[in-house]
Amino acid sequence: MKITFYGAAQTTTGSMHLVEVNGKRILLDCGLFQGHRKEAFEKNRNLPFDSKTIDSVVLSHAHIDHSGNLPQLVRQGFRGRVYARQSTTDLCDVMLRDSCFLQKRDLEYVNKKRKRDGKRLFEPLYEESDVNALMQLFTPVHLHESREIAPGVTLTFFNAGHILGSALVQLDIRSNSGRNHKLIFTGDLGQPNQPILRHYEYPQGADILIVESTYADRLHPSADDIESRLADYLKYIDRRNSKLIVPAFSVGRTQQIIYYLNKLLKKGGIPSGLKVYIDSPLSRKATGIYAKHREVYNDEALNMLASGQDPLSFPNLTFVGTPEESMALNETPGPMVIIAASGMCEGGRVLHHLKHAASCEDNIILICGFQAENTLGRRIVERRETIKILGEEVPLKAKVEVINALSAHADKAGLTDWISNVKGDVKYAFAVHGEIEKVSAMADILKEQGILNVAAPEPGQVFEIG
Ligand SMILES: [Zn+2]
Ligand SMILES: [Zn+2]
């Protein structure tokens, strides 16, 4: 058999690995490269193979860096099956349409400039019709169900504990050459003891591992004080009749925050009458999908349900509808909490909330996710004196608070725990999904576990496995 690492190879985004066995070509993930616009656009448009030659895709989870180029695969002629859990399929349905919408908006801006300069206009990577065609190809596979996806290749999903629907991918392979293999691909491995979701599992007996490396070189801070810190911020804005603005990713982070607020409410930690608004259409849809798939909940979330409390809803929680209703919040006096996308403040409704709230020292901006360089979110974390929002320089006088413990990825301790518990007789291990220093750190962890053949593949690197 042969494995080629096309994406998330010495980089974080664009997860895509090709397994070739028994004359079949199986793609693990088909993610979108994210980064500098021009480079990402070229990479995403020019798939490194003829899409028609791919027999099937196994999708680990719905995040765009894992699923976001599937519509392009279909646009270029792929007609095989896409194997994923039902919850992942449901999330892809809304996230890929959102991706179309974001691309369109982004291109409108770019093309306006190109038109002025007399340059050729760009086409979107894919359109909603491609997403429609793709959704027909999704084939649900339940957790722990064994499904033959090619002659001699059986797929089983295990919990990855990362976001709703996230799965560890296990392929049991009987190759025509008579060799048997068990390949396990982590997709993204979750942080243990996250709210809502079940803990990742430890499938046994792998001889080939493909492991993500996002936080292989660091330990997360303790999550112990998240609730008490949130309670302090709520008291603060309640006393001042001000606003707590939380930029948050629509899938995963928003639901985590709703869950923590819900727990606080139960303990009497939310001042009565304090309103909480979720202001992002994608967040509303994603929360609906989380609410539908209760089979993924952990014991704490299930106990909450059993006691009559919905983990993702509470009386003072409102999902904001139209853009006009969103804008109206600007003029509505506090106290209130507004949770809005995008998570790094690069677009979305959070921008106009920040624009209105940043200059008042009574407000709090709470950052609770990784903020990449050159994003507005990063400039807020750096507490710049002024920040440019929607074309306007705004003084940053609001309090800026940062909670770093909400990561959806396992850190060095989690990754080491997982590997030390799944290793069978691992012959080959590959570190993916991280910049060079992260995959190197992951390679060190793998070697410390006694695995002899460890690699951090370069983009396009091919490995023949006997
Ligand atoms: Zn992910
Ligand atoms: Zn990822």
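Atoms within a ligand are numbered from 1 in the order they appear, just like the ligands themselves.
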Got a salt bridge between E127 and K104, using NZ or NE/NH1/NH2 to carboxylate O under 4.0 Å?
-> no

Is it the case that H353 and D279 place a side-chain donor and acceptor less than 3.5 Å from each other?
-> yes

Identity of the N, O or S atom of D188 lying closest to the Zn ion (ligand 1) = OD2

For the Zn ion (ligand 2), the nearest N/O/S atom on H433 is atom NE2

Taking both backbone and side-chain atoms into account, decide whether H162 has an N/O/S atom under 2.8 Å from the Zn ion (ligand 1).
-> yes

Answer yes if the ring centres of F49 and Y6 are under 6.0 angstrom apart, and no otherwise.
-> yes

Does the gap between the ring centers of F158 and Y200 come in under 6.0 Å?
-> no

Shortest-distance N/O/S atom, H63 versus the Zn ion (ligand 1) = ND1

The Zn ion (ligand 2) - name of the N/O/S atom of D65 that sits closest to it | OD2

Would you confirm whether Q191, through its side chain, and S407, through its main-chain N or O, come within 3.5 Å as a donor-acceptor pair?
-> yes

Under 2.8 Å: N/O/S of H61 next to the Zn ion (ligand 1) = yes

Looking at F249, is R253 sitting on its ring face, NZ or CZ under 6.0 Å from the six-membered ring centre and within 45 degrees of the normal?
-> no

Presence of N, O or S from E212 under 2.8 Å of the Zn ion (ligand 2) | no

